[in-house]
Amino acid sequence: MSLISLFRSTSLRLVISNILTMLICFVIIGGVIFFLVQREINIFLDNALIETKQTLESSYKFGKKKALYALVTNYIQATSPKNKIYFMQDHLKNAVSGNIKTNYNKIGWANISPSLLSLKHEFPYRIYSFKIDGIYILIGRSREMTDELIEIILRVFSIGSLIILALVLGNGLLSAFAIQKRLNKIGLTLDHIATGNLQNRIALYGHEDDLDQLTVKINTTLQQLEDLFKGLQEVSANIAHDLKTPLNRLNMHINGMMELVASEHEASSFIQKAQKEIYALNETFDALLRIAQVEAGVRKSSFANINLTSILEPVIDAYQPVFEDKGYVLKLNYDISQIRPIFGDKELLIQMFANIIENVLRHCPKGTGLSLDIKQHKNNFQVRFCDNGAGIPKEEHQKVLQRLYRLDKSRTTLGSGLGLSLVKAISDLHHIPLTLEENNPGLCVIFNFRSI
Amino acid sequence: MNILVIEDDIPTADYIQKGLVEAGHCAEVITDGQQGMIQAIQNDYSIFIIDRMLPSLDGLSLVKSLRAIGVDTPVIFLTAMGGINDRVEGLEAGGDDYLVKPFAFSELLARVNALVRRPPLQKVETILTVGDLELNMVERTVLRSGDVITLQPREFSLLVILMKNTGRIITKTMLLEQIWGFHFDPKTTVVETHISRIRAKLDKPYQTSLIHTVRNIGYSLHVPN
């Protein structure tokens, strides 16, 4: 079963990007609100203090110290230090009036902590201190209400934003999961089909939305594929039957002739040659059919987890003595621990490797050496067959993998030219990239395996 | 041996029948699938040779039905369908062997003999003896005239097959399939090379040769007469 990883889900990514955008927007808006409100509140506070100062100044103008003192006393009585503070000091630094005690003596605007005012409150005070004719006056307002106001605004805004985000996220996740389920179902069905069960179709959801429309299109394509495939199989079976029946009879008649002719008779050698040709004809035909079937993925449904050792080992065991007897050299440069399990068809892979080895025996002169190396690279490993024979020119590398292609110089040697194309068909079926490299001298055939 | 041949191509059927009769067997030919099924159920045969593409009931379904009703007689499929999946399908349907046309009759005969050799419920032999050659399956040792012969694992397996089928011809194709799992024909002399290696160890140092080559067909192990 293969699930499309949730993190690759388009709908989930959409939801997450929406959430992030909203989050950024909320943060920006929140910041702007905070800034603007803060500023307005500050202006409001300061304006109130300025107004108070102006009132104090005009009262001094009209009634001098006595009026000023009376006004400040009035103010103090009308309020509490928790709210508004007043402080007056004469030019000799004696405290004359006020509802706080302080050593603060700067001039101007400030936000100061209550401890500097000998007060036991939490909130800072916005103060304005100035001199009227040598008298030091400090007035101030607690920031309690304003700060709390700002806090409430921010809190409401944050909670609101979080609720909105949570709702959007929740809804988004639900939608994403629902869509993901449908996509997974489609993916699973396609996987199942890819293993060779072309008759499967993807179920429709019934919502007639874009996914359903896509499903319909995919199903139509699958139907066409299935029809083509059935057609191919029928044609193959018919060809097999129609061509091979006469071939089979020809073979029987030749065998019959063989039995009637003494082996010393000169006709006997002709009959044997005829038998060989029939054999070769049959071989070529079977190989072509086999390649077509491999390419059509007929074998995919019988794939299993296999150990590469169980494939390489019989092939090497079979051919090593042959190499020795014929004067070729087979070298093995790998150890078993390098080999990892892979997913595939044992029979086909054995034939694939056998073909490579046979090619050396068939196309390279006596004395040629073939070395089998396995190179590991993280989770992948390369199986390399390198010979030091005549090699294949780089320009021909693509062509030799085609069916029935033979290099000019090898036209006279035996073989049908199908060996490497079957190799390619099998490696393609297994999704094992196959590359050819010049070995200078010689040729390297390289299989790039990905272990499971 | 009583053999039933279900094959709709007359010349092929005649060819097979003739060959089997010459080899000393009794061969009956049926050209229709349904008829063949009836015949197979009603009478006793040592082996069935069945073509896959038959009129009225194809070979695969025929064998599946036979197996379903408990007919255990060995079956060799004969067919032009030599595709990579066809052999597996044939074996999965209950066939015991699978031969692709065109084939040499000697190949068919060798396989028929090999299949019929096995009577059911036979005690598993641990020691095989042919002449002065002795093979111990459990200890995996080989002795000839008392001398220990060292064989490679596959050489040993090859010898086991030959010895279990003493006197019968085993074809190269059969050996390739059973020893190395090769379901294709190598263009090179894989089997010949391994046989010659075994011969060098087993036959050459001794007066009589036990392994015999049957030209163009295969090999047989027996005491020469």
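Residue numbering restarts at 1 for every chain, and letters A, B, ... go by the order of the sequence lines.
- Heavy atoms of B:His194 lying under 4.5 Å from chain A belong exclusively to its side chain.
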- prompt: Would A:Phe303 and A:His430 count as a ring pair (Phe, Tyr, Trp, His ring centres under 6.0 Å) if you check the C-alpha gap in whole Å, the side-chain angles of each, and the deciding distance to 0.1 Å?
  reply: CA-CA 9 Å; A:Phe303 273 21; A:His430 285 77; 4.5 Å; yes

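- Remark: the B:Tyr15 side chain and the A:Asn255 side chain contain an N/O donor-acceptor pair separated by less than 3.5 Å.
- Looking at A:Asp325, both its backbone and its side chain come within 4.5 Å of chain B, counting heavy atoms on both sides.
- Not counting sequence neighbours, B:Phe103 has no partner by the ring-ring contact (aromatic ring centres under 6.0 Å, His included) test.
- Both the backbone and the side chain of A:Gln351 have a heavy atom closer than 4.5 Å to some heavy atom of chain B.
- Residue A:Gln275 does not touch chain B at all, counting heavy-atom pairs closer than 4.5 Å.
- Heavy atoms of B:Arg215 lying under 4.5 Å from chain A belong exclusively to its side chain.
- A donor-acceptor pair under 3.5 Å is formed between the side chain of B:Asp96 and the backbone N or O of B:Val75.
- Your options are A:Glu313, A:His253, A:Lys326, and the one with the most heavy-atom pairs under 4.5 Å with chain B is A:Glu313.
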What donor-acceptor contacts under 3.5 angstrom involve side-chain atoms of residues 172-182 of chain B, with partners at least two apart or in another chain?
from     : atom 1 : to       : atom 2 : distance (Å)
B:Lys172 : NZ     : B:Glu192 : OE2    : 2.9
B:Thr173 : OG1    : B:Glu107 : OE1    : 3.1
B:Glu177 : OE2    : B:Arg111 : NH2    : 3.4
B:Trp180 : NE1    : A:Asp317 : OD1    : 2.9

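- Looking at B:Ser56 and B:Asp32, their side chains do bring a donor and an acceptor atom within 3.5 Å of each other.
- Looking at A:Lys346, neither its backbone nor its side chain comes within 4.5 Å of chain B, counting heavy atoms on both sides.
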